[in-house]
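Let me begin by presenting the structure, written as structure tokens, before commenting on it.
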Amino acid sequence: MIIRQSQDVRPSEITSEGVYRSRRAFLAWIAGTGLMAAAPDVLARALASAPPAPSPLRYTPNPRLSTTERQNSWEEVTTYNNFYEFGTGKADPADNSRGFRTRPWNVAIEGEAEVTGSFTLEDILRPHPLEERIYRLRCVEAWSMVIPWIGFPLGDLIKRFKPTSRARYVEFTTLLDPQQMPGQRYPVLDWPYVEGLRLDEAMHPLALLAVGLYGKVLPNQNGAPLRLVVPWKYGFKSIKSIVRIRFTADRPRTSWEKALPREYGFYANVNPGVDHPRWSQKRERRIGSGAFWDRQPTQMFNGYADQVASLYGGLDLARNF
Amino acid sequence: MTAPGEGLARFVLKPLVLAGCLAPFAWLAAGAAGLGGVSLGANPVEEILHSLGRWGLNFLLITLCITPLRQLTGWVQWMRLRRMLGLTAFFYILGHFLFYVLVDQAGDLGVIVEDVLKRPYITLGFTGLLLLLPLALTSTKGAMRRLGRRWQRLHRLVYVVAALGCIHFYWQVKADVREPLLYVGALALLLGWRWWKHRDRLSHAARAPFERAA
């Protein structure tokens, strides 16, 4: 397999005609007012930092692997986030990730695989047709959402790098950049954020690499430009803004496991039968749904038991939480 | 004859502080009712629950500022605010508890009993509320008169309640302990001040006989 660096431009990166025209009109107007001459670098900075409008993506819906439950609104999905790299408050990621640069972006493929090296995001994405999957997301904090992700199966990507027979786990790492990620300036967790899956979990067709949601490019606060989505596990397994994928023989030590091993395990499968030491996992609050006080029962493996339970035959899920 | 500044304290300061005491509640009520453009975010239940708890702790610590304020400024009128602030703390903490029982857990007694017994941070928070109850009930002038010296001894429980509140907060957060540590620090400062003053008084009392003799 040849994977080359390339300067290809994805459709999502092409400035749409409307935006292009309005930029021209804006520049013409600025030139007319003489502001351009007065403060060129102020203007340049303003133009550079203007948040790009979310670009639409080309994808095919996958109803077979999608739930028909009511989807959470764009507003809910993009303003209520756990992304500690941008702050520990739920609204912090949306506030603090505005200027986050997701291009250029490289992903290092390392460890027990035949093909390794550093790849541009474009290289990573090019062969994979995008699909939409509407998944339930269950946070370990006992709330949940329903989100229409745009992405492709993690297993398809893994196959391209041909993991060797020694590879039993996949480790993922988030970008480490305290300059851009203010939450990393304080050791809430041992940065950078690390997550991991068993290789058979990673190859499961439900495990998704997402690049978008609601048909648009992933907003920064949701883990742009590339994130994992493992719908049968608690949300913190679904690592965001991935820069490294490493195939290993030994089980990776994940960030939350390192921080609080009594509370967060490697598996983190959604399980109403195993409580978090500090709260019950039997029920969950579906954000933005039902009456104020409603909680609904949490389902084993977040409702994906039929598809994934066979991965855990013979494993004591109370011990391997 | 009135004490200096009594009118100011009673007719200006007190109403202002009362408005301040009720403002967070008004904000949350407006948010819950969707009035005045107040938004409580995507998870209003969590926001209200945490806000009520945080304001309860805020007002507990503000109440504990009154004595040091009096000592530092020498203005006794500060004391007129103490009961109101203490009752406000009780109001928010009771609200925090009732909101947890009735809305967050929707009155599911099984879950609530399990929480209180099994989860140390909830056990501590609940203990704090129970200890605060007798203080709220004996906050009247009549109770103060009836209890005499015992009133003050009883009301020292507020130090225990504040400590329980801080630990309750500390144990509840997932990983970022900066905010609860701020509360622990503030409480340490307020209790440290009292300890220092107390030691000061003791050493004065010990020195006093010699001073008289000299």
Side-chain angles (χ1 to χ4, degrees), chain A residues 72-82 84-85 87-92 94-95 139-145 183 185-191 193 234 236 255-260 263-264 275-297, chain B residues 28-34 37-54 98-126 167-182:
Chain A
N72 280 93
S73 67
W74 170 268
E75 173 81 9
E76 285 160 350
V77 174
T78 59
T79 60
Y80 191 77
N81 304 102
N82 275 330
Y84 279 17
E85 282 80 349
T88 53
K90 292 288 189 288
D92 291 347
D95 290 341
C139 179
V140 73
E141 296 166 357
W143 54 265
S144 62
M145 290 196 193
R185 291 172 210 162
Y186 181 85
V188 174
L189 293 170
D190 184 9
W191 309 115
Y193 194 77
Y234 292 121
F236 68 88
S255 292
W256 278 105
E257 206 185 356
K258 245 194 267 183
L260 294 157
E263 303 192 353
Y264 307 99
D275 282 350
H276 185 281
R278 287 181 288 154
W279 57 84
S280 165
Q281 296 290 30
K282 290 183 191 67
R283 296 186 308 149
E284 67 201 48
R285 171 163 293 119
R286 179 62 56 84
I287 298 297
S289 144
F292 221 44
W293 52 84
D294 274 356
R295 278 182 194 247
Q296 56 188 62
Chain B
L28 291 174
V38 179
S39 166
L40 300 176
N43 192 348
V45 174
E46 180 193 66
E47 180 64 25
I48 292 173
L49 182 67
H50 290 176
S51 294
L52 288 170
R54 195 178 275 113
L98 291 177
F99 193 81
Y100 155 75
V101 167
L102 297 175
V103 180
D104 188 48
Q105 299 300 338
D108 187 331
L109 273 179
V111 176
I112 294 160
V113 170
E114 196 186 317
D115 268 357
V116 170
L117 296 180
K118 263 178 60 179
R119 314 201 195 279
Y121 85 95
I122 296 185
T123 315
L124 281 193
F126 187 67
I167 303 170
H168 170 71
F169 188 14
Y170 186 92
W171 274 354
Q172 184 267 332
V173 299
K174 262 168 80 188
D176 189 359
V177 293
R178 279 172 292 181
E179 202 190 343
L181 276 183
L182 217 63

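In this text, all values refer to a predicted model and were calculated from it rather than measured experimentally. Chain identifiers are assigned alphabetically (A, B, ...) following the order of the sequence lines, protein sequences preceding nucleic acid strands; residue numbering begins at 1 within each chain.
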* Is it the backbone or the side chain of V77(A) that comes under 4.5 Å from a heavy atom of chain B, or both, or neither? -> neither
* Asked: Are K174(B) and E141(A) within salt-bridge range, i.e. N to O under 4.0 Å?
  -> yes
* Asked: About how many Å separate CZ of R278(A) and OH of Y121(B), when rounded to the nearest 0.5 Å?
  -> 7.5 Å
* Asked: Looking at side-chain heavy atoms only, is the closest gap between R285(A) and V45(B) below 4.5 Å?
  -> yes
* Asked: Which pair of non-hydrogen atoms, one from R119(B) and one from H276(A), has the smallest distance, and what is that distance?
  -> NH1-O, 3.4 Å
* Which region of N72(A), side chain (C-beta onward) or backbone (N, CA, C, O), has a non-hydrogen atom less than 4.5 Å from a non-hydrogen atom of chain B, or is it both or neither? -> neither
* Under 4.5 Å from any heavy atom of chain A - which part of E179(B) -> neither
* Checking R295(A) against chain B: side chain, backbone, both or neither under 4.5 Å from a heavy atom? -> side chain
* R178(B) side chain reached by V188(A) side chain, heavy atoms, under 4.5 Å -> yes
* **Toward chain B, the part of P187(A) with a non-hydrogen atom under 4.5 Å** => neither
* To do: Sort W256(A) into side chain, backbone, both or neither according to what part of it lies under 4.5 angstrom from a heavy atom of chain B.
  => side chain
* Asked: Is it the backbone or the side chain of N82(A) that comes under 4.5 Å from a heavy atom of chain B, or both, or neither?
  -> side chain
* Asked: Could you state the interatomic distance from CH2 (W279(A)) to CD (Q172(B)), rounded to the nearest 0.5 Å?
  -> 8.0 Å
* Below 4.5 Å from any heavy atom of chain B, which atoms of E263(A) appear? Answer side chain, backbone, both or neither. => neither
* **Heavy-atom pairs under 4.5 Å with chain A, option from I122(B), I48(B), V103(B), V111(B) with the top count** => V103(B)
* Does any donor atom in the side chain of D176(B) or Y84(A) lie under 3.5 Å from an acceptor atom in the other side chain? -> no
* Structure fact -> Looking only at heavy atoms, the pair that brings E76(A) and A42(B) closest together is CG-CB, 4.1 Å
